Structure formats: structure tokens, C-alpha cells
Amino acid sequence: IMEGAAITAIDNGVYLERLVDSLDVDGDGASEVVTIREGLEGDGYAIYKKQNGKWNKAYEFSNYRCGF
């Protein structure tokens, strides 16, 4: 947690990765999993794809904005 941030922000979902949806993003007939990580200076999104029996991060994006 950055200076000035409260540890209780975690109780509201900050810094936790949450499921947004599962959908076939790439059109291959299998659903990928979309998640969000809420942060104090922006949110991060990830798309996971199941490959060879394991979930791998296929894409990641953040919309960082400086809070100071």
C-alpha cells in the first residue's frame, strides 16, 4: 500500500483481482476469462486463455493515472 493509502482499501476490493466475465474473445470457440484489479491510481485488466490445461495470461492492460 502506498503512503497515504489506508490498508482498509483492500476491504473494498482495491488490489484484488476480480472476475468480470468469460467470453470468446478470439473467436476460437473457447471462452477466455476477463478480470479487473482495482488500484488507487487506476485499474488493471487481464484476459486469461486456457492452453494445454493451464490458464495463462494472454493480455494485460492498465489505465494508470497518477494520484499525486
Side-chain angles (χ1 to χ4, degrees):
I1 301 279
M2 296 173 43
E3 182 180 332
I7 190 69
T8 55
I10 293 172
D11 296 336
N12 297 323
V14 175
Y15 298 126
L16 302 176
E17 192 167 13
R18 295 183 191 192
L19 174 68
V20 173
D21 205 347
S22 68
L23 60 143
D24 185 6
V25 176
D26 58 10
D28 67 353
S31 290
E32 286 75 44
V33 172
V34 181
T35 64
I36 185 172
R37 283 180 332 279
E38 296 178 48
L40 295 174
E41 293 187 326
D43 301 327
Y45 302 89
I47 297 175
Y48 293 89
K49 180 174 183 66
K50 195 167 191 177
Q51 300 168 316
N52 300 321
K54 291 184 176 182
W55 288 99
N56 297 307
K57 193 178 292 186
Y59 180 78
E60 187 170 25
F61 170 78
S62 293
N63 65 346
Y64 173 81
R65 55 194 181 275
C66 183
F68 297 98

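From a predicted model like this one, the values you see are computed outputs, not experimental measurements. Note that these values count all heavy atoms, side chains included, but never hydrogens, waters or copies made by symmetry.
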Before you tell me yes or no, could you show the steps for S62 and R37 under side chain to side chain contact (heavy atoms under 4.5 Å, CB included), namely the whole-Å CA-CA distance, both residues' side-chain angles and the distance that decides it to 0.1 Å? CA-CA 9 Å; S62 293; R37 283 180 332 279; 4.2 Å; yes
Test side chain to side chain contact (heavy atoms under 4.5 Å, CB included) on N56 and K49; report intermediate values, then the result. CA-CA 5 Å; N56 297 307; K49 180 174 183 66; 5.8 Å; no
Criterion side chain to side chain contact (heavy atoms under 4.5 Å, CB included) on I36 and E17, from CA distance to verdict: CA-CA 6 Å; I36 185 172; E17 192 167 13; over 6 Å; no
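When all heavy atoms of D43 and E38 are compared, the closest pair comes out as OD1-CA, 3.3 Å.
In the hydrophobic clustering of this structure, W55 groups with L19; members are Ile, Leu, Val, Met, Phe, Trp, Tyr whose side-chain heavy atoms approach within less than 4.5 Å, directly or through other members. Tracing side-chain contacts under 4.5 Å through hydrophobic residues (I, L, V, M, F, W, Y), one reaches V20 starting from Y59; they form part of the same cluster.
A search for side chain to side chain contact (heavy atoms under 4.5 Å, CB included) contacts involving K57 returns A46, Y48, E60, not counting sequence neighbours. Taking L23 as the reference, D21, V25, V34 meet the side chain to side chain contact (heavy atoms under 4.5 Å, CB included) condition, with sequence neighbours excluded.
Side chain of N63 to main chain of G42: no donor-acceptor pair is present (N/O by atom type, distance under 3.5 Å, no hydrogens or angles).
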